[in-house]
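In what follows, a structure is listed as structure tokens, so that the remarks can point back to it.
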Amino acid sequence: MEAVCSYKNRNSPMLSEHDLKLKSVQYRKALLRVIKACGAGHTGGGLSCLDILNVLYNRVLRISPEIFKSPDRDYYIQSKGHCAEALFVVLAERGFFPEKDLETLNRYGSHYIGHPTRQINGVEQNTGALGHGMSVAAGIALAGKIDRKDFRVFTLLGDGELAEGSNWEAAMTAAHYRLDNLIAIVDRNGLQITGSTEDISQLSPLDEKFESFGFAVRRCDGNDVGELVHALEAVPFRPGKPSLVLAKTRKGKGVSFMENVARWHHGVPNDDEFSRAMAELEAAEAAIA
Amino acid sequence: MMEQPLANLEVFASTLLELAREDSDLLVVTSDSRGSAKLAPFAKAAPGQIVEVGIAEQNLVGVAAGLAAAGKNVFAVSPACFLTARSLEQIKNDLCYSDRPVTAVGISAGVSYGALGTTHHSLHDYAVLRAIHNITIVAPADNFETRNAVRAVARSAKPVYLRFGKKRMPHLPRVDSDFQLGKASLIREGNDLTFVACGETVASAVDAAELLGKEGIQCRVLSLHTLKPLDQGAVRQAATETGGVITVEEHSVHGGLGEACAGLLLQEGIHARFKIVGFPDDYTVTGSQDEIFRHYGMDGPGLVATAREMLAKQ
């Protein structure tokens, strides 16, 4: 079912659900090309969060290259900074910089490095160390409340990074100041570099944890663009409360042999793996188109 | 008539309130630290310009960065011991690397908390922050420098670390009547040797210079209130003109003011007698701030002894 758009967002392409599905596959192909070309990257996490980034940048966020410096824009802070390549692919496609620039990723002297930096047009905050994004997002959201602006602040958190205590400090501030303009999205793929998040440092039940910290929580399939649109266009879930989208995802989503395999956290496909992955994605693209 | 000397902390708080009245975008962020920062009157007078985050220093700096990202003029205030250790990564990444013009204010710095012990001392902050790119480090000596420093950093477009203690500070008689970030203030003239000090140790250097003056030894005293960027010219000139430099800081001897000056002089091939007075790499003795200063030779008489030793070595 196509979600109903609750407002006219003139700074977003406002893609339909069909077009979003197609875009997700195209982004996955672009992500693998970039990671393959530069020989490094966070493949698994990038694939898991691409549908979230797609829905944010093509449907939800009031952001475009033209209004990026406007004080009234929506903000996006990528707390899970290691999935920078996924963000860069989306920003390039949305026109923040030429896609060709990504050929310099990780090269000597390039601004395009393995984590988001403000040297790159479209990036709001330098991230990469985990557990930083939510405090910064809370600060921006608080400034919005003080100035009575209607912008929203979205932040994407990895599930593994929720072991960082600073997230929970920030969560308390978000609830204390009733920051219903703050939307945290957890990319809940259940894996981190060493293995299952639940085996390493149990995170569940995340919904109850965030609810008890004062968030209004919704679960959704974070690899289903329809469910993401539905959730992200409904924020805030409760007036006076920050929103938390618990987006259940699959690490490595979209490439069968990468899905739910921890070694693809920052695995780079060899030539054969790359060809097989691209063939799968091209088949998926053809099926949608 | 001279005003009653106050703690630099009190001058900071009152200056901030003046600034808050001029700039509605000025915000102070505290981590349950408004009482110790003497900001209770600020909170009463400008309740809309103070943000409390609770005892959560990492969050304090992150939230400050976010507020600055949205255009606010932010002072993040917390005891220096916690601010520059617990939230060091937030200072490094969220402020310095992300280039957010927040002033991180380390209160009750050095051994201000005296017998509360090492958990509450900050003898590492210059060292760690000097090694981080894109931050100005300021440690004003007295009420005059504090007032001017707070006003100057409020206009800064870059991250700043402002550090001071909580002791009442005497008004220092000074040769330089102006204050400029990045430029050392000449407190006292002299050509026999130079005390290069910062923060509350400048007063000790002035005491020492006065004691030595009675014996006909004229010491120059510089308040090197801005540790970074270092006023290289003033340090160079002190070494070449007076031939001896004693640096004094309420900080470890490692990585602070002394090593900054030593590095400069050595690399420029300027030979001068040189001594770093600070905290040795050792378990800090128990006592009040004054007692601790005396123990490590950082009070007037202690610095006189160090100066005599230096002058004896010709």
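So you know, we letter chains A, B, ... as the sequences are listed, proteins then strands, and number each from 1. These numbers were taken from a predicted model, which means no experiment stands behind them.
No other option in B/Val61, B/Asp99, B/Val53, B/Leu67 has as many heavy-atom pairs under 4.5 Å with chain A as B/Leu67. Highest contact tally toward chain A, considering only B/Arg100, B/Glu52, B/Lys92, B/Lys72, is held by B/Arg100 [criterion: heavy-atom pairs under 4.5 Å]. Between chain B and the residues A/Glu124, A/His132, A/Lys149, the most heavy-atom pairs under 4.5 angstrom are made by A/His132. Note on B/Val29, B/Asn93, B/Leu27: by heavy-atom pairs under 4.5 Å with chain A, the leading option is B/Asn93.
Looking at B/Val51, the atoms closer than 4.5 Å to chain A (heavy atoms on both sides) sit in the backbone and in the side chain alike. Residue A/Ile77 does not touch chain B at all, counting heavy-atom pairs closer than 4.5 Å. Contact of A/Ala170 with chain B is made through backbone and side chain together, with heavy-atom distances under 4.5 Å. For B/Glu57, the part lying under 4.5 angstrom from a heavy atom of chain A is the backbone only.
B/Gln58 and A/Glu164 share no side-chain donor-acceptor pair at under 3.5 Å. Donor-acceptor pairing under 3.5 Å is lacking for the side chains of A/Gln192 and A/Thr197. For the residue pair A/Glu161 / A/Ser79, a side-chain donor-acceptor distance below 3.5 Å is found, with atom types taken as modelled. B/Thr84 and B/Ser122 share no donor-acceptor pair across their side chains, judged by distance under 3.5 Å alone.
Residue A/Lys241 qualifies as enclosed at atom NZ: its count of foreign heavy atoms under 6.0 Å is above 12. Atom CD of B/Gln267 sits in a sparse spot, with 12 or fewer heavy atoms from other residues, nucleotides or ligands closer than 6.0 Å.
In this pair, A/His82 and A/His265 present their aromatic rings parallel. The plane angle is below 30°, not in the 30 to 60° band. Under the 30°/60° scheme for interplanar angles, the aromatic rings of B/His251 and B/Tyr126 are found to lie parallel.
Evaluated for a side chain to side chain contact (heavy atoms under 4.5 Å, CB included) with A/Phe213, the options A/Glu208, A/His176, A/Met172 yield exactly one hit, A/Met172.
Side-chain rings of B/Phe179 and B/His225 approach one another, their centers coming within less than 6.0 Å.
Residues from residues 112-120 of chain A that place a non-hydrogen atom less than 4.5 Å from a non-hydrogen atom of chain B comprise A/Ile113, A/Thr117, A/Arg118, given in numerical order.
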